[in-house]
Amino acid sequence: MPKGKIIKALSGFYYVQSGTLIYQCRGRGLFRKQNITPLVGDYVEYESTSLTDGTILAIEERENELNRPPIANVDQALLIFSAVEPNFDPKLLDRFLVHIEAREISPTICITKMDLADQTERRTIKDWQAIYEKIGYIVHLISSHTEEGLLELKPLLREKTTVIAGQSGVGKSSLVNALDVTLSIETNAISESLGRGKHTTRHVELLPIEGGFVADTPGFSSLEFNEIELENLDTCFPELAELSSSCKFRGCTHRSEPGCAVKVGLENGEVASSRYDNYLTFFEEISTRKRRY
Ligand SMILES: Nc1nc2c(ncn2[C@@H]2O[C@H](COP(=O)(O)OP(=O)(O)OP(=O)(O)O)[C@@H](O)[C@H]2O)c(=O)[nH]1
Ligand SMILES: [Mg+2]
Ligand SMILES: [Zn+2]
């Protein structure tokens, strides 16, 4: 049976690349009954029904998968936020980071539209950059318009499969275009009245860049922690995870337990208060969800 990789999903079709050929495939009927959804990034066995069409018969075991955006078998995630238009949102960033950390996918943070930031805004972004770099995250400050920071970003992508994720209108497709000018993917100005994007990109697609693949994805802004267990939440905050082994009680939730090393870290400035606050908010959110079901 021939094998290939799904490089695009659009309107119920999966585009399976095999060597230099691309087949437009449907999933086999059994998938629906078994509740199996093929994902972009999947390695599949397919059967060609014509020179251009085919049916996906089997999906190989996934190394990892994300539901938002829907993709499988990625090496890393590039989390895109804009400095302005829309303004940088550290709480949403922490939400994305938790989601990615829970899947054990390595995230890199990218802050776009630096060309639009004035002196004060640039300073604010640099402060956030320092906070996240201290935790150990890599933070790139870029502009797809002036190409600031792109040269430094490229080596990260080399021969890897990278998923680009972020809110609508932050400049995901613009970044992909700036990385490879031959691609010319559709982008759109954010709507002035709504102050948010129009959801220009509507499908997930793997694009060949720097000898690897970059997946452009549609934007989204809400992200729920459906699959994250309360007791695992702190492991999704690397700096909390590191301190938690020094907490007096095993299973410390770092809220009000005595001898909590995270609380000490917060007091001496080792843990950023924004990060700790977001941890508490997410903790509350997950507990409420638990009670609901
Ligand atoms: N000045 C400036 N504008 C940018 C930059 N990157 C993107 N933009 C603009 O921001 C708007 C949205 O960009 P897109 O690339 O379509 O955003 P997106 O994240 O792909 O949005 P969705 O596909 O809806 O998720 C467009 O008008 C871009 O020209 C940048 O670095 N600097
Ligand atoms: Mg887009
Ligand atoms: Zn603790």
Side-chain angles (χ1 to χ4, degrees), residues 8 10 68-70 78-89 92 96 110-118 121-122 125 140-150 153 163-181 183-192 194-207 214-223 230-235 237 239-268 270-271 275-276 279-280 283:
K8 178 164 107 171
L10 188 60
R68 299 203 79 180
L78 210 53
L79 303 182
I80 312 289
F81 283 76
S82 46
V84 291
E85 297 183 23
N87 279 339
F88 177 68
D89 180 349
L92 188 61
F96 273 63
C110 221
I111 304 181
T112 59
K113 307 199 189 183
M114 288 305 292
D115 58 298
L116 297 180
D118 63 25
E121 288 161 338
R122 189 171 273 270
I125 294 298
H140 288 274
L141 308 186
I142 66 160
S143 161
S144 302
H145 285 195
T146 64
E147 300 192 352
E148 170 182 348
L150 294 190
L153 182 62
V163 60
I164 296 195
Q167 249 181 302
S168 191
V170 292
K172 298 181 293 301
S173 301
S174 304
L175 171 60
V176 172
N177 283 335
L179 288 167
D180 184 343
V181 291
L183 289 168
S184 63
I185 293 161
E186 191 195 351
T187 63
N188 232 322
I190 59 168
S191 126
E192 289 285 325
L194 294 171
R196 56 185 159 86
K198 285 189 246 177
H199 298 281
T200 307
T201 305
R202 300 197 170 271
H203 65 275
V204 178
E205 181 167 5
L206 287 172
L207 304 153
V214 171
D216 191 17
T217 68
F220 54 87
S221 48
S222 75
L223 201 51
L230 261 190
E231 50 277 21
N232 296 336
L233 182 62
D234 64 356
T235 65
F237 286 77
E239 74 277 43
L240 303 200
E242 197 182 314
L243 289 171
S244 71
S245 57
S246 310
C247 291
K248 187 171 172 194
F249 297 107
R250 258 219 293 161
C252 179
T253 64
H254 325 302
R255 291 175 302 165
S256 48
E257 294 92 335
C260 173
V262 169
K263 278 280 182 128
V264 174
L266 182 67
E267 270 145 39
N268 66 25
E270 221 176 308
V271 172
R275 293 274 295 168
Y276 181 72
Y279 167 79
L280 291 184
F283 192 96

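Excluded from the calculations below are hydrogen atoms, water molecules and symmetry mates; all remaining heavy atoms, backbone and side chain alike, are included. Order of listing sets the numbers, starting from 1, for every ligand and every atom in it. Heads up: numbering here begins at 1 and tracks the sequence.
Vertex the Zn ion (ligand 3); arms to C260 atom SG and C252 atom SG; angle 110° (nearest 10°). Take the Zn ion (ligand 3) as the corner point: the lines to ND1 of H254 and to SG of C247 open at 110°, to the nearest 10 degrees.
When the heavy-atom distances from atom 24 (O) of ligand 1 to S168, G169, G149, S174 are ranked, the shortest goes to S168.
By the 3.5 Å distance cut-off applied to N or O atoms, H145 is counted among the residues near ligand 1. When only interatomic distances are considered, the shortest N/O to N/O separation between T200 and ligand 1 falls below 3.5 Å. Note: an N/O pair closer than 3.5 Å links G171 and ligand 1 by distance alone.
For ligand 1, the atoms sitting less than 4.0 Å from at least one non-hydrogen atom of G219 are 25 (O), numbered in the order shown with element in parentheses. The T187 neighbourhood of ligand 1 comprises atoms 14 (P), 15 (O), 16 (O), with distances under 4.0 Å to a heavy atom of that residue. Taking every heavy atom of S144 and a limit of under 4.0 angstrom, the matching atoms of ligand 1 come to 30 (C), 31 (O). Close contacts of ligand 1 with K172, meaning ligand atoms under 4.0 Å from a residue heavy atom, involve 15 (O), 17 (O), 18 (P), 19 (O), 20 (O), 21 (O), 22 (P), 25 (O).
In the displayed structure, E242 atom CD is contacted under 6.0 Å by at most 12 heavy atoms of other residues, nucleotides or ligands.
For the pair L78 and V214, the minimum side-chain heavy-atom distance is 4.5 Å or more. Under the 4.5 Å side-chain criterion, counting only non-hydrogen atoms from C-beta, E257 is not in contact with C247.
The distance from the Mg ion (ligand 2) to the nearest N/O/S atom of S173 is under 2.8 Å. Contact annotation: T201 places an N, O or S atom under 2.8 Å from the Mg ion (ligand 2).
For the pair D216 (side chain) and E205 (backbone), a donor-acceptor distance under 3.5 Å is absent. In this structure, the side chain of T112 does not engage the main chain of S143 through any donor-acceptor pair within 3.5 Å.
Salt bridge present: R275 and E239 bring a charged side-chain N and a carboxylate O closer than 4.0 Å.
Residues V84 and K113 come closest through the heavy atom pair O-CD, 3.5 Å. Scanning all heavy atoms of the two residues, the minimum distance from T217 to I164 falls at OG1-O, 2.7 Å.
Using a 4.0 Å cut-off between heavy atoms, D115 contacts ligand 1 through its side chain alone, with no backbone atom that close.
Using bins of under 30°, 30° to 60° and over 60° for the plane-to-plane angle, the ring pair F81/F96 lands in the perpendicular bin.
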